[in-house]
Amino acid sequence: MALLEKLHRRIVDMGLVPRIIALLPVISTLCALFGFISIAILPMDGQYRRTYISENALMPSQAYSYFRESEWNVLRGYRSQIEEMENMTSSERNNQMGSWLQEFGTKTAIYESQQYGETLYGVMHAPRGDGTEAMVLAIPWFNSDDEFNVGGAALGVSLARFFSRWPVWSKNIIVVFSENPRAALRSWVEAYHTSLDLTGGSIEAAVVLDYSSAEDFFEYVEISYDGLNGELPNLDLVNIAISITEHEGMKVSLHGLPYDQLANNDFWSRLKILSLGIRDWALSGVKNPHGNEAFSGWRIQSVTLKAHGHGGHDITTFGRIPEAMFRSINNLLEKFHQSFFFYLLLAPRQFVSISSYLPSAVAFSVAFAISSLNAFINNAYASISLFSEYNLVALLVWFISLVVSFIISQIFLLVPSVGLLMTISLATCFLPLVLSEKVHISEPLSYRLKNVAFLYFSLVSTSLLMINFAMALLIGSLAFPMTFIRTIVVGKSTEHEMGTKSHTSVKTESRDDLFEHHGDTVLEKAKKRQQLKNLLLLVLTNPFISITLFALVFDNEFHGFDIVNKLISAWLDLKCWNWFVLCIGWLPCWLLILASSFESRSVVVKSKEKQS
Amino acid sequence: MDSTGFKVALGCIAIRLAVICLFPSLQQQLDQSVEFSTPVTSFRSLQEGLYLLRNNIQVYNHGVVHHPPILVFFLSLFTSGTSISLIYAFIDGLIAYQLTKMTKVFKNLRVKSWLPGLLYAVNPLVLLSCISRSSIIFTNFFISSSLYCLLTEGNVILSSVMISVSGYLSLYSILLLIPLLGMLKNWRQRMFSVVVSALSLSILLLLSYTMSGKSWSFLSQVYGSAISFEKVFPNLGLWWYFFIEMFDTFIPFFKAVFNIFIVAFIAPFTLRYHKQPFYAFILCIGWIALTKPYPSLGDAGFFFSFLPFFAPLFGYLRYPIISALLFLHAIVLAPIFYHLWVVLGSGNSNFFYAISLVYALAIASILVDLNWAMLRIEYDNGVPNFKLKVTQI
Amino acid sequence: MRIAMHLPLLLLYVLLLSFSTASNTDAAHEAIPTNTNNWAVLVSTSRFWFNYRHMANVLSMYRTVKRLGIPDSQIILMLSDDVACNSRNLFPGSVFNNKDHAIDLYGDSVEVDYRGYEVTVENFIRLLTDRWTEDHPKSKRLLTDENSNIFIYMTGHGGDDFLKFQDAEEIASEDIADAFQQMYEKKRYNEIFFMVDTCQANTMYSKFYSPNILAVGSSEMDESSYSHHSDVEIGVAVIDRFTYYCLDFLEHIDKNSTLTLQDLFDSFTFERIHSHVGVRTDLFDRDPSEVLITDFFANVQNVIADDSKLLSISHYHHHKDHIDTARYEYNNNVLNLALGKDTGNYSSPEVDKIMKHVKSTNKLNIDVGSNECSLTFSKQSAVLGMVLMVMIVLFMMRGNNAKATYDLYTN
């Protein structure tokens, strides 16, 4: 205790506290900068770790994989028939595939969903196992790029036939053929856990196969692991997928990296994979889903294997990956729990865990909290009472903005006209400029609005930290320019002329506003400059405009206002709540900042007595 | 009937009924959340008790119902869901009314009389606790009634009876008898109060005994389960985690320590602040909310609704922002970490326990800050002097 | 004169001779082993499929001692998990310790005494000290006496002074040392050969303090023991290095072998085992180079006729009969009870107690069955009570209106 008191006295003597308070905006910006830098230094040597298999029971690749040349002919036979199925209707395809599956003893059923089509699935019960758990092999008929998954379907049925002849399974194997790897697969997963009759126990892990070419040879394998709503599969599953793939001789690509960049392993390649990883993690569900996203939320670990290229390895090599993965998962007695659930991959064999990357998002959240504190303290109105009308009105406006944002989110879910949304967003940015002489708010209200807005945003960001880190980082960094918006003050402040009558407000050198002291034109120009700056910042930090710009710049998949459409359909089809994060987390804050950037008049305040 | 009190109570009831009508499924969701429903106060177990009672089955044989018999019987008289919602809303309105009347008793409190009542009406913790039909509301009602009777009417008998009823409903509230004694003037009144509450408590227990078919089994279910931490369910409290990590041989020792910890601070608060006994009472409410075995956010909300009474001391608080931020973060993150642990399986119990520790830290820091403020006003001899810097040696 | 000068030397020479002959006869006397029967306790302590090699280790040792003549009645085999019938086993019903699958260790006549969850620390210590209840079967007891040589082999996952049992509990090296001391006091062994193949195995024998124990461990403290090789078809490692080289040596031993334990220890080199094998000989009288392998691993019988020993053996048989009769009587009577007959002639007090217990639990079932859960809350008394309470409350609401002030401060 005495030590703390000594420290406290020293700090007070040095006058640190007022200095720190004056520098709060700088501290906030420094925090944001720290957030960027702490992510950027992760690819440096010494900051990351090599991946390792945590669960000793897995033993990947210890058993010899037998899905080889002997199965090639079978696979080609199936594939030649599947090639002709591309233009059939889905029920014809499913019936044919179902009859093939039944030939070697699989129990099949077809799940029909009104909206998303038919999904065929078959359950192979483990002959000697206890049948309470299952592993899933999922093959979408049309892959994420809407190409016919010929090789994948052929692999699916020949692997199923191969598995049915092995007695080593202690878990059931479920083969699923869904129309697409998006809503169709997700609706099947949901139905499996709620309403389907034919089930095979609780699903431990799922492997989704995507081999869209009809050729025998491919070049490399892309492994996707980003789940929906910020979930990631257990790192052990990703590690065994990667280690098995490399053990069989194939190269692994992460996040869509092309073949010629796979051999690099330096700071820049790691930084690139890290950034692509964060982007894919934040936008998973919004980007074209690969298939493993469908299994998120049910305690199922899933990865997607996608074959790219022509020439190099043959299709049965690709088939050995799910075979060896199933042999490994087969060894487990418990669900995946040993390895990390929160990680970032820098390279197929290198990762960082949450303790390394979390500080960056925390820094952004803290930056917003400090900005909120700045808006509270660093002005003439710091000492008004807690229950004053400005605070209550600010809270009321916050509540109203929440309600309005919720209504907006629901409206655009029903009527997804993105153009309208963008126009409205852009138009509202101009409101403070257009209404600059007509509408005024009081200055303390402006500060209180900012206070509430940033505090709310900081809370939203904190709550997203663990559950969807990439989204927290994304909105934290994209929304940060909001803290640079300044309050514009018009109207004379009376405290200079009337002297200290009944209040003792603290005069701090605040850069947060502009007082009119000298000639009008200089001030008018300064005011106009500030208003334009505010306008630019408002446009940049509007959630919808900001995310559209981000998508256009950083992702080739999106064109125009696609991303907002995709956000809406991601909620409707996949229940991905990124849309609501933007609407209910970011938009109210932006609306409050918009309200605070109207011209404000300063007010005489009666302050309470200063605290000790 | 006082008009401001009446208006506040009506507003309180109106808000609750509005929320119930707008969000009909909220009750079930809250009843299943770990912050608002605990094994001893949840509405699900109460419903189970009502069903068992109506079908003439032993209520306390099954280890599900931990509500006292008279409460179960009382609610079994109302069969429709709307009537039960009305009861809960009405009781909340009564508490708001009582808060308003109590504010008027204090002459030096420069707080508008309707403010505590209004804050109680809009307090989200209390509101959601009422919606979730957690039975802690009855305990809170009787605590505030006891204060109300003593403050506004000086009715010692009734306030002692109310305290013993609240103790009957939720075991640890009986400890509030001690600060209540501190509020009485002389030893004659105190003896009288003790005798009256003991008598009323025994009458209640006897009544429960006859009601539950002449058996004392309800004692172990209602009170024994709280004292001995029978139900190891995660909750916002400090103690459940120990039972997962401890070796079996140490468990009785730790159970004793946890119970002693709850009891330990009641008398010191009462004795130290014998000159401000009402404030000692509130601090004891806060202490019990912090350390009881199965706390919920309803307890914390009830404690916070008494904070406006400390308004003259707000200038002395050293770190109110930190306490507020800690509390906000704790209640925002607690459901998220619980979801990560139980539903998604990516987190584990440590996440949830850590955030419940942050919650406990928030309430504890509020208590400590209030204590500091009370000591400061004592140092200043009742004349607030916010400029003076005092430090502890 | 000359003879007188040489006399002290002569005396000295005679003395030395007598000493040497004495020591020679002593040595000759010690060279004859004093055991009459050999026992083996073979324990595997780990569960799960990926610990296949521990089961294979133990089964290999089992096969070896059986081949060399120790009968099943003198082997206690404790297998903590059943890998032969695990659904992940590509060769169901077989356990191999080599990828050439030359020997099926689980093939025929394997008698497992403790299986699955019966392999616990408590059972192991009880086994060593023979502290069981009366009804514990003889085949699961270590019925050794002071002429028994016991070979104890343990394998599994271990650490510094502990060995993990079943992934749930641990046995400390002190516990085993204390158990051995109890065995010594109860004269339950002649000599013990303790072999342990785990990580940091040498720590397991570091705490022994009873005499006549020879111990060997596969690795030092802070050192791991390694598996020898994996079988790619089964998909797991099938044998540990230490046991593999042990077996390598023992496969050349037959019942008449004259190789000694020192030869066995010499065969363990770091290049083969990849860890430092430790041997503890300070508690053992004999030198390992004089101890035949067959003294522990085979069933060489050296019967010593001794009156006192004969009596103790006959006493043992009598005691055993007494237990069997009591159990027979009890079984008979319980059967009669089940058939509804009442024999009425219970002959022993233990059986009496059992009968009383059975009867009383019967009665309890009947009582519970007839207990109608009829009256729970007596409605009348409840309503009356509540009305009473409300009346009292209303009566008390009058109050005395004497208000006190409870302000925070008065000024």
Side-chain angles (χ1 to χ4, degrees), chain A residues 1-2 4-9 12 227-235 296-301 334-337 339-343 354 365-366 369 372-373 376-377 383 385-387 392 395-396 399 451 455-456 458-469 504 608-612, chain B residues 22 110-112 114-116 118-119 122 124 307-308 311-322 324-348 351-352 354-355 358 372-373 376 379-380 384-393:
Chain A
M1 248 351 265
L4 276 178
E5 288 296 333
K6 223 192 270 184
L7 201 61
H8 184 242
R9 224 178 296 179
V12 168
L228 212 56
N229 292 333
E231 278 184 62
L232 291 176
N234 196 305
L235 186 58
S296 296
W298 297 102
R299 294 201 185 215
I300 303 175
Q301 323 301 329
E334 304 161 307
K335 286 196 186 271
F336 282 93
H337 66 279
S339 188
F340 301 93
F341 280 101
F342 303 107
Y343 52 89
I354 192 167
S365 178
V366 166
S372 165
L373 200 62
F376 188 78
I377 292 183
S383 45
S385 109
L386 196 58
F387 297 119
L392 294 175
L395 282 174
L396 194 65
F399 187 69
N451 181 16
L455 188 62
Y456 175 69
S458 165
L459 271 177
V460 164
S461 179
T462 312
S463 57
L464 275 179
L465 274 181
M466 290 298 293
I467 209 168
N468 193 341
F469 160 78
T504 51
K608 6 184 276 236
E609 301 174 29
K610 262 322 259 176
Q611 317 173 358
S612 63
Chain B
L22 282 176
R110 295 196 190 91
V111 163
K112 301 252 174 30
W114 42 262
L115 192 64
L118 180 68
L119 285 178
V122 299
L307 286 186
L313 298 180
F314 282 165
Y316 283 126
L317 294 178
R318 289 181 298 179
Y319 40 84
I321 294 182
I322 296 181
L325 281 178
L326 274 176
F327 187 77
L328 269 178
H329 280 87
I331 60 174
V332 163
L333 286 175
I336 291 177
F337 281 0
Y338 187 75
H339 176 76
L340 263 179
W341 169 29
V342 170
V343 175
L344 292 183
S346 329
N348 52 38
F351 289 42
F352 181 70
I355 208 67
V358 174
W372 170 259
R376 273 288 276 125
Y379 180 80
D380 284 342
N385 178 0
F386 295 126
K387 285 212 188 59
L388 188 63
K389 284 194 191 157
V390 173
T391 185
Q392 196 175 330
I393 299 178

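Labels below follow one simple rule: chain letters A, B, ... track the order of the sequence lines, proteins then strands, and each chain is numbered from 1. Side chains included, hydrogens not; waters and symmetry mates left out as well; all remaining heavy atoms used.
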J.: Examine whether an atom of A:Phe342 lies under 4.5 Å from a heavy atom of chain B, and if so say whether it belongs to the side chain, the backbone or both; otherwise answer neither.
T.: side chain
J.: Could you list the residues that satisfy side-chain hydrogen bond (donor to acceptor under 3.5 Å, both in side chains) with B:Asn348, not counting sequence neighbours?
T.: B:Asn350
J.: Counting only non-hydrogen atoms closer than 4.5 Å, does A:Leu232 touch chain B with its backbone (N, CA, C, O), its side chain (CB onward), both, or neither?
T.: neither
J.: Under the side-chain contact (heavy atoms from CB on, under 4.5 Å) rule, what do B:Leu326 and B:Ile322 come out as? Steps first, then yes or no, please.
T.: CA-CA 6 Å; B:Leu326 274 176; B:Ile322 296 181; 4.3 Å; yes
J.: So for A:Leu465, is it side chain, backbone, both, or neither that comes closer than 4.5 Å to the heavy atoms of chain B?
T.: neither
J.: Please identify each residue that fulfils side-chain hydrogen bond (donor to acceptor under 3.5 Å, both in side chains) with A:Asn451, with sequence neighbours left out.
T.: A:Ser372
J.: Can you check side-chain contact (heavy atoms from CB on, under 4.5 Å) on B:Leu325 and A:Leu455, steps first, answer last?
T.: CA-CA 9 Å; B:Leu325 281 178; A:Leu455 188 62; 3.5 Å; yes
J.: What are the two closest heavy atoms between B:Val332 and A:Ser463, and how far apart are they?
T.: CG1-CB, 3.6 Å
J.: In terms of heavy-atom proximity below 4.5 Å to chain A, should B:Leu344 be classed as side chain, backbone, both, or neither?
T.: both
J.: Under 4.5 Å heavy-atom distance to chain A, tell me which part of B:Leu119 shows up: side chain, backbone, both or neither.
T.: side chain
